[in-house]
2 protein chains.
Amino acid sequence: MSRNEFSCDCNVIHQEAVDEVLQKMPNEDTFNHLADLFKLIGDTTRCRILFALDQSEMCVCDLANVLNMTKSSISHQLAVLRRSGVVKCRKSGKEVYYTLDDEHIVKLFEIGLVHINHKG
Amino acid sequence: MSRNEFSCDCNVIHQEAVDEVLQKMPNEDTFNHLADLFKLIGDTTRCRILFALDQSEMCVCDLANVLNMTKSSISHQLAVLRRSGVVKCRKSGKEVYYTLDDEHIVKLFEIGLVHINHKG
DNA sequence: TTGACAGTTGAATAATTATTCATATATAAT
DNA sequence: ATTATATATGAATAATTATTCAACTGTCAA
C-alpha cells in the first residue's frame, strides 16, 4: 500500500540507514496527532490564553481584557481549545469560566521557554 | 503604551484575577517566540523529518525516501528547519547531510507522545 | 566537455486559518 | 416585558504556508 506507490523522485543513497529509520518511524496517525498538538499551541493567542488559564480560572471577558482582544476572538479560540480537550468550562450565571484541563501543556511551555532562553 | 489602547470590547469582571494574571504574563516577544517554536514542529512533514534525523544523520534523498516525498518538498522544509537553527548540515561530495541540532526538540516529542497516548 | 545526479530556490497554486462582523442565545436586572 | 450583558457562532476576509513545477548550481564520472 503506502510503500508500493512512490512519490519521491530519487534513489536511496544509504539503504541501511533508510531501512533502519523506516523501522523506527511511528505511523502516519501518530505524526498527525503530534503535529496537531503542536499546531494547537503554535499560535500566540492560544499560547497566551493557555498561559493565563494556568495562572487562574477565567471567564471570557477577563481573558479578553488580559489579552486585549475582542470577546469574539477569544471565544473562537476557546472553542478550538475546548474541542481539542485542553481546556474545560463551567457555566455560572451569565459567565462561562474556563480552566486548563491538560497536564502536558504546561510541561511543553516549560521546555519551550528553556529553548527560547538558550537561543536568540 | 500597550495597556492604554484597548481593543477588547467588554469590562473586566474579576479585576483581581485579571491584575494578578497580567503581572505574571511574559511579554509579547516571548509568546511570539514560543508560538513560533511550536509552529515549527506543528507540521507533519517537519515532525517526520526531525524524528528521522533523531535516529540518524541523513541526506536529502534518503529523507525523501523515508518520507516518500519529493526532494524539493524535503529541501524546502529543511531550509525552514535550518533557518530556525534546529538542524545543521554538512556537505560531502554531491550530498548534503543533515543532523538534529537541538536537544529540546526530542523532549517536546516525548511529552507530545505521552499526551497522545493519554487522550484519543 | 558532456551528461547524470544531488540539492537548492523562486514563483504559482491550493489549502488552512485567525480575526472581524453581524447575529443569535441565555441570563440577569430594571 | 424590556433592556443590558456574557457568550457563542456562521460567514467573509485576509494572511500564512505547504507542495509543485521549472530552472538553476555544483559535483562526479565517462
Side-chain angles (χ1 to χ4, degrees), chain A residues 6-14 17-18 31-32 35-36 38-50 53 57-84 87-99, chain B residues 6-14 17-18 31-32 35-36 38-50 53 57-84 87-99:
Chain A
F6 292 103
S7 301
C8 74
D9 52 353
C10 55
N11 295 322
V12 173
I13 295 183
H14 307 86
V18 169
F31 279 118
N32 286 335
D36 282 347
F38 293 127
K39 215 173 290 177
L40 188 72
I41 55 177
D43 173 84
T44 308
T45 301
R46 287 193 293 271
C47 267
R48 296 202 294 160
I49 290 175
L50 292 167
L53 293 182
E57 179 184 65
M58 296 197 119
C59 67
V60 179
C61 274
D62 288 343
L63 281 168
N65 276 276
V66 168
L67 302 209
N68 202 30
M69 293 176 71
T70 62
K71 285 179 294 182
S72 181
S73 267
I74 300 290
S75 189
H76 273 295
Q77 295 302 338
L78 284 170
V80 172
L81 295 170
R82 195 160 9 96
R83 272 180 238 123
S84 301
V87 305
K88 67 176 176 221
C89 60
R90 85 184 156 82
K91 208 169 177 176
S92 171
K94 274 185 296 186
E95 288 113 40
V96 179
Y97 292 91
Y98 283 83
T99 48
Chain B
F6 291 103
S7 300
C8 74
D9 53 351
C10 57
N11 295 322
V12 173
I13 295 183
H14 307 86
V18 169
F31 279 119
N32 286 335
D36 283 345
F38 293 128
K39 214 172 292 178
L40 187 73
I41 56 178
D43 173 84
T44 309
T45 301
R46 287 193 294 270
C47 269
R48 296 202 293 159
I49 290 175
L50 292 168
L53 293 182
E57 179 184 64
M58 295 197 118
C59 67
V60 179
C61 274
D62 289 343
L63 282 168
N65 275 277
V66 168
L67 302 208
N68 202 30
M69 293 176 71
T70 62
K71 283 179 298 182
S72 182
S73 267
I74 301 290
S75 189
H76 272 296
Q77 295 302 338
L78 283 170
V80 172
L81 295 170
R82 197 160 8 97
R83 272 181 238 124
S84 301
V87 305
K88 66 178 176 217
C89 61
R90 86 182 157 82
K91 208 168 176 178
S92 170
K94 274 187 295 187
E95 289 115 40
V96 179
Y97 293 91
Y98 283 84
T99 46

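Small disclaimer: the values here were computed from a predicted structure and weren't measured. Values below: all heavy atoms of this structure, side chains included; hydrogens, waters and symmetry mates excluded. Order of the sequence lines sets the chain letters (A, B, ...), proteins ahead of strands, with each chain counted from 1.
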Nearest heavy-atom pair of A/Cys61 and B/Ile13: which atoms, and what distance? CB-CD1, 3.7 Å
Check whether any side-chain heavy atom of [X] sits under 4.5 Å from a side-chain heavy atom of [Y], and report yes or no.
X	Y	answer
A/Leu53	A/Thr99	no
B/Met69	B/Leu63	no
B/Asn65	A/Cys10	yes

Could you check how far [atom1] of [X] sits from [atom2] of [N], rounded to whole Å?
X	N	atom1	atom2	result
A/Asn68	C/dT20	CG	P	11 Å
A/Met69	C/dA18	CE	P	10 Å
A/Leu63	C/dT19	CG	C1'	17 Å
A/Asp9	D/dT20	CG	P	9 Å
B/Leu81	D/dA18	CG	C1'	13 Å
A/Leu78	D/dT7	CG	C1'	10 Å

What distance do B/Tyr97 atom OH and B/Cys89 atom SG have between them, rounded to the nearest 0.5 Å? 12.5 Å
Listed by chain and number, what are the side-chain hydrogen bond (donor to acceptor under 3.5 Å, both in side chains) partners of A/Arg83, not counting sequence neighbours? none
So which protein N/O to nucleotides 9-16 of chain C N/O distances come out below 3.5 Å?
unit_1, atom_1, unit_2, atom_2, d
C/dT9, O4, B/Ser72, OG, 2.7
C/dG10, O6, B/His76, NE2, 2.7

Side-chain N or O of B/Gln77 less than 4.0 angstrom from OP1 or OP2 on D/dT19? yes
Taking only side-chain N and O atoms of A/Thr70, does any of them lie within less than 4.0 angstrom of OP1 or OP2 on C/dT20? yes
Once salt bridge (charged side-chain N to carboxylate O under 4.0 Å, His left out) is applied, what residue pairs with a partner in residues 57-79 of chain B remain, sequence neighbours excluded? B/Glu57-B/Arg90
Counting the atoms with a prime plus P, OP1 and OP2 as sugar-phosphate, which does [X] contact under 4.0 Å by heavy atoms, base, sugar-phosphate, or nothing?
X	result
B/Ile74	nothing
A/Asn11	nothing
A/Tyr98	sugar-phosphate

Most 5' of B/Glu95 and A/Arg46 on DNA chain C, judged by nearest nucleotide: B/Glu95
Check residues 41-50 of chain A and write down every donor-acceptor pair under 3.5 Å in which the side-chain atom is one partner and the other belongs to a residue at least two apart or another chain.
unit_1, atom_1, unit_2, atom_2, d
A/Asp43, OD2, A/Thr45, N, 3.1
A/Asp43, OD2, A/Arg46, N, 3.0
A/Thr44, OG1, B/Asn32, OD1, 3.2
A/Arg46, NE, A/Leu40, O, 2.6
A/Arg46, NH1, A/Gln77, OE1, 2.7
A/Arg46, NH2, A/Lys39, O, 3.3
A/Arg48, NH2, A/Leu67, O, 3.1

Partner set under salt bridge (charged side-chain N to carboxylate O under 4.0 Å, His left out) for B/Lys88, not counting sequence neighbours: B/Asp101
What string of B, S and - do you get for nucleotides 23-30 of chain C, 5' to 3', when a contact is any protein heavy atom under 4.0 Å? ----BS--
